[in-house]
2 protein chains.
Amino acid sequence: MSQLPQTPLTRVRRAAKRADYDRETVHAILDEAHACHIAFSVDGQPHCIPTAHWRVDDVLYIHGSNGSRLLRELAKGIPASVCVTLVDGLVMARSAFSHSMNYRSVVLYGQFLPVEDEAEAWASLEAFMEHLAPGRWKEVRQPSPQEMAATTLLALPIEQAVAKVRSGPPVDDEADLDWPVWAGVWPLETRLGTPQPHQVETAV
Amino acid sequence: MSQLPQTPLTRVRRAAKRADYDRETVHAILDEAHACHIAFSVDGQPHCIPTAHWRVDDVLYIHGSNGSRLLRELAKGIPASVCVTLVDGLVMARSAFSHSMNYRSVVLYGQFLPVEDEAEAWASLEAFMEHLAPGRWKEVRQPSPQEMAATTLLALPIEQAVAKVRSGPPVDDEADLDWPVWAGVWPLETRLGTPQPHQVETAV
């Protein structure tokens, strides 16, 4: 499996055994999450802003209105950090101290670049839709030139990235294993609920 | 309902109709999410790091090992931004452009302060456990003095905060409403799965 390089930014220091530089692991986490969080600073003030993201090969994309401050700032090529987190469960140990969470997260570093090429932008948006709802791109009303012009698309190469994963049961101290309390994992599951069709009211 | 102040940092500029400064809304979103993302900068490099959080009244808490870089940096009182996001559904419109997500997010600004007071730290940790599993604090092996000493607890007053919420069906252009494609919302639901008890293997 192809490994991402460990760089000064992505080398995990705490709980290093949970770090995973495998591209497949990183990509799978990015693909499963619907939103990422982006850290960037303006005049020394950090911001943490959520937005939808998607991936095509080794590139992470975000998009939005040309008027978005997030996109306008990032388009300048300032340093950014992106994080995606999936919480998989609550780890209930015998000791309060050993409680934990099962999760899969990715932290990425780099600079976003505006996607100026129309064909890349179109292919990327199509890939986004097809990732969420295969086959749908051909069914919906596709973007007009005006809509494309109103949209900023930014790309971040997935090069400086690391996943961190915790899974499995609680890890209690040996001395606590007999403590008379239920211990184990409460899994958290995210699933698609019943689709809610949008009925348009028509004038009678 | 008590409103949070709109400050230069928390005033929402894009899609301002989705901004909500009501404390109850902000608190409910913070309480439902299991993890937050924290943006902070070290030597001009922004980082976006996930961690568990919980709330007691108007204070957001995070905790971890004394060795955590996140906690050590934040404990210096540097500016931070915290974001919590709940993705509630995928909004499938008739036009590609009008696709959206239903979500509830909170962005907070401020500086974390170390919790030095032992009684506050203890009460806060108890509140964290009781929020996740009411009644459990009294059942588990409570923290030893060594464990308390190894744990850093940081507090962020919830003063500069704003929620942003999108809900409801797609909003398509009038001209697209007849487009022959299914439109509506695909709800995303997070639920507790079947608890997985931890069986300790005993030597025979």
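Chain naming here is simple, since letters A, B, ... match the order of the sequence lines and numbering starts at 1 in each.
- Checking Asp22(A) against His27(A) by side-chain atom types alone, no donor-acceptor pair falls below 3.5 Å.
- Ranking His198(B), Glu139(B), Met101(B) against chain A, the residue ahead of the rest is His198(B), based on heavy-atom pairs under 4.5 Å.
- In this structure, chain A has no heavy atom under 4.5 Å from any part of Phe128(B).
- For the 3.5 Å distance criterion, the side chains of Ser167(A) and Asn102(A) fail to qualify, holding no donor opposite an acceptor.
- If you measure heavy-atom distances from Val185(B) to chain A, the contacts under 4.5 Å come from both the backbone and the side chain.
- For Thr151(B), the part lying near chain A is the side chain, with the backbone staying farther off; criterion is any non-hydrogen pair under 4.5 Å.
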- Task: List the steps, then state whether side chain to side chain contact (heavy atoms under 4.5 Å, CB included) holds for His34(B) with Val84(B).
- Result: CA-CA 9 Å; His34(B) 292 292; Val84(B) 155; over 6 Å; no
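- Side chain to side chain, Ser68(A) and Ser65(A) fail the donor-acceptor criterion of an N or O pair below 3.5 Å.
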- Message: Does Ile38(B) form a side chain to side chain contact (heavy atoms under 4.5 Å, CB included) with Phe112(B)? I'd like the steps, not just the answer.
- Response: CA-CA 11 Å; Ile38(B) 305 184; Phe112(B) 283 89; 4.0 Å; yes
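- Chosen from Ala93(A), Ala35(A), Ala52(A), the residue pairing most often with chain B at heavy-atom distances under 4.5 Å is Ala93(A).
- For the 3.5 Å distance criterion, the side chains of His99(A) and Arg94(A) fail to qualify, holding no donor opposite an acceptor.
- Looking at Leu188(B), both its backbone and its side chain come within 4.5 Å of chain A, counting heavy atoms on both sides.
- Interface remark: Ser105(B) contributes side-chain atoms only to the contact with chain A (heavy atom separation under 4.5 Å).
- For Met92(B), the parts sitting under 4.5 Å from any heavy atom of chain A are the backbone and the side chain alike.
- Within the 4.5 angstrom heavy-atom criterion, atoms from both the backbone and the side chain of Leu132(B) approach chain A.
- Options Gly67(A), Ala80(A), Pro169(A), Ala96(A) differ in how many heavy-atom pairs under 4.5 Å they form with chain B, and the most are formed by Ala96(A).
- For Glu189(B), the parts lying near chain A are the backbone and the side chain together; criterion is any non-hydrogen pair under 4.5 Å.
- No part of Asp88(B) comes within reach of chain A, as not one of its non-hydrogen atoms sits under 4.5 angstrom from that chain.
- Chain A forms the most heavy-atom pairs under 4.5 Å with one residue out of Asp178(B), Leu125(B), Val82(B), Thr194(B), and that residue is Thr194(B).
- Note: Pro187(A) leads Ser95(A), Pro187(A), Pro195(A) in heavy-atom pairs under 4.5 Å with chain B.
- In this structure, the side chain of Arg69(B) does not engage the main chain of Leu71(B) through any donor-acceptor pair within 3.5 Å.
- A donor and an acceptor atom, one from each side chain of Thr7(B) and Gln160(B), are located under 3.5 Å apart.
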The test is side chain to side chain contact (heavy atoms under 4.5 Å, CB included); show your working for Leu60(A) and Leu154(A) and say whether it passes.
CA-CA 8 Å; Leu60(A) 183 89; Leu154(A) 300 182; over 6 Å; no
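- Considering only heavy-atom pairs separated by less than 4.5 Å from chain B, the leading option among Leu177(A), Leu108(A), Val87(A), Leu90(A) is Leu90(A).
- Contact count against chain B (heavy-atom pairs under 4.5 Å) is highest for Arg191(A) among Arg191(A), Gln45(A), Glu126(A).
- Using a 4.5 Å cut-off between heavy atoms, Trp182(B) contacts chain A through both its backbone and its side chain.
- Ring geometry for His63(B) versus Trp54(B): interplanar angle over 60°, hence perpendicular rather than tilted (30 to 60°).
- Of all the listed residues (Ser98(A), Gly184(A), Cys48(A)), the one sharing the greatest number of non-hydrogen pairs under 4.5 Å with chain B is Cys48(A).
- Checked by atom type, the side-chain pair Ser41(B)/His47(B) shows no donor-acceptor distance below 3.5 Å.
- Ranking Lys164(B), Met129(B), Gln142(B), Gln199(B) against chain A, the residue ahead of the rest is Met129(B), based on heavy-atom pairs under 4.5 Å.
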